[in-house]
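Bear in mind that the values here come from a model prediction, so they are computed numbers and not experimental data. Atoms within each ligand, like the ligands themselves, are counted from 1 in listed order.
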Amino acid sequence: MRCLLIATALLLSAGSAFAQSREPSAAIARLEAETVLLNQVRTFARPTAEARREAALTLIRRAGFEPVVEAFQGGEAGRPMEGHNITFVVRGHSNCGCEILLTAHYDAVVLANGQLADGLVDNAASVVAVVEAARQLRDDNLYHDVRVVLFDQEELGLLGSRAWIAAHGTGHAAAVVNSDVAAFGDTMMYGQNNGPQSLFVTQAVQRVCSERELQCVGYPNYPPSDDRTFVADRTPVVSLGFQTEIGAHQMWLAFNAPQGQSGLAPGFVPDVFTVIHSTNDNIGRVESATLLLAAETYAAVVTEIDGYFHRPDDHLRE
Ligand SMILES: [Zn+2]
C-alpha cells in the first residue's frame with residue numbers, strides 16, 4: 001500500500017513536473033515571438049518616407065518573401081510626390097490566379113511641426129501583423145494566392161490603394177482584408193459598412209471571433225481606410241483593427257450612437273484618437289501581445305475566407 005502510494009505520488013509529481021515544464025516553455029516561446037514583432041515595429045520609426053519604405057522591404061525579406069515595389073504618381077494638389085506600393089505573394093495551390101488581398105498602409109502622416117510621425121500604431125503595427133500572418137500562412141497550402149499589399153500615401157487620401165486598382169483592377173480579388181490601427185488592446189474591431197458584397201467577409205470575421213473566443217466589435221459605421229477604395233469598386237472587403245475593450249466600445253458609441261445619445265461626455269475623444277497622427281503614436285503605445293494576436297487572427301480570417309469558396313453547401317451561401 002505504501003509502495004503504491006509512493007509510486008502514485010511519484011507519478012503525480014512527474015506528471016505535474018512534465019506539465020509545468022511544457023506550459024512555461026510554450027508561454028516563453030510566445031513571449032519571444034511577441035518581442036520579435038515589437039522590435040520589427042520599432043524599425044518603422046524613421047525620419048523619412050524613403051527610410052520607412054526600406055524598413056518595410058527589410059521586414060518582408062527577413063520573413064522570406066521577395067517584395068515588388070510599384071511606383072505611382074501621388075502627392076497632394078500642387079505638390080506631386082511619387083508613391084510606392086509594396087507587394088508580395090504567398091502562392092496557393094489552385095493556379096486560378098485568384099487572390100485574397102491582405103493589406104495595410106505603411107505610410108505615416110507629416111505632423112504640424114513638419115516631422116514625419118513615428119506612425120507605429122497607425123500603421124506599422126498592422127504592417128508587421130499582416131507580414132507575420134503571411135509567414136504563418138506560407139505552409140498552409142490555401143486554394144487562393146494570398147497577396148499582401150502595403151499601400152503608400154493612405155494618409156494623403158487613399159492614394160496607394162487607388163493606384164493599385166488603377167494598375168491591376170480587382171477582377172482577380174476574391175476578397176480584401178485590410179488592417180489599420182492594430183497595436184494595442186485585445187479587442188478586434190471590424191467595419192460593417194462595406195456594402196452587401198462584403199457580407200460573407202464580415203461573416204468570416206464573425207466566425208473567427210466566435211471560434212477563437214476573441215472579443216470583437218462590429219461597427220455599422222467604421223472609420224475609413226483603404227477599404228473604401230475597394231468598396232467604391234464593389235469588391236468584397238473588411239477593415240480590421242485592434243483596441244482596448246473599453247476604447248473599442250467608446251469608439252463604437254462615438255461613431256454609431258444616435259446624435260446626442262452616446263452617453264459620452266461632451267467633447268470626449270476616444271483614447272486612440274489622442275494617439276494617432278500625433279507624437280503620442282510611438283513605441284510606448286505598442287503592445288507586443290496585440291501584434292501576435294492580430295497576426296494570428298488575420299491568418300485565421302484569410303483561411304476562413306479561402307475555405308468559404310470551397311464549401312458550396314456552406315450555410316453562409318444559402
Ligand atoms: Zn491608418
Side-chain angles (χ1 to χ4, degrees), residues 37 40-46 49 52-53 55-56 59 74-76 81 83-87 101-112 115-133 148-165 176-185 187-191 193-194 217 219 221-232 237-244 247-248 251 254-255 269-283 285-287 290-291 294-295 297-298:
L37 299 181
Q40 290 173 351
V41 171
R42 223 181 272 280
T43 66
F44 280 77
R46 305 279 188 100
R52 210 173 159 87
R53 182 163 76 248
L59 171 74
E76 295 170 294
M81 182 170 63
H84 303 83
N85 291 332
I86 303 172
T87 185
L101 302 189
L102 184 54
T103 66
H105 75 85
Y106 74 94
D107 61 309
V109 288
V110 176
L111 300 172
Q115 293 186 331
L116 194 64
D118 283 357
L120 303 188
V121 173
D122 182 14
N123 191 32
S126 290
V127 170
V128 165
V130 301
V131 172
E132 171 63 14
V148 172
V149 192
L150 305 181
F151 295 122
D152 198 1
Q153 298 191 10
E154 187 265 1
E155 302 287 11
L156 298 182
L158 319 181
L159 302 187
S161 49
R162 288 182 187 170
W164 175 267
I165 291 183
V176 182
V177 177
N178 182 64
S179 176
D180 204 351
V181 182
F184 59 84
T187 299
M188 187 165 76
M189 307 174 288
Y190 62 96
N193 51 341
N194 285 343
V217 180
Y219 290 64
N221 183 21
Y222 195 60
S225 177
D226 285 306
D227 58 307
R228 296 297 204 277
T229 312
F230 292 95
V231 173
V237 56
V238 70
S239 196
L240 305 174
F242 273 79
Q243 266 238 48
T244 59
M251 204 175 106
F255 279 85
V269 176
D271 173 54
V272 70
F273 294 109
T274 69
V275 174
I276 65 170
H277 299 189
S278 81
T279 53
N280 297 329
D281 185 352
N282 57 47
I283 196 68
R285 289 308 302 261
V286 182
E287 294 175 8
T290 304
L291 303 172
T297 307
Y298 297 168

Tally of protein N, O or S atoms, where distance to the Zn ion (ligand 1) is under 2.8 Å: 4

Salt-bridge contact Asp122-Arg285 (side-chain N to carboxylate O under 4.0 Å): no

Interatomic spacing from CD1 in Ile276 to CG in Leu120 - rounded to 0.5 Å: 13.0 Å

Interatomic spacing from CG in Leu37 to CD in Glu287 - rounded to 0.5 Å: 13.5 Å

Among Leu150, Val149, Val177, the one residue meeting side chain to side chain contact (heavy atoms under 4.5 Å, CB included) with Val130: Leu150

With His105, the side chain to side chain contact (heavy atoms under 4.5 Å, CB included) member among Asn123, Asn85, Val127: Asn123

side-chain hydrogen bond (donor to acceptor under 3.5 Å, both in side chains) between Ser179 and Tyr298, worked out: CA-CA 9 Å; Ser179 176; Tyr298 297 168; 2.8 Å; yes

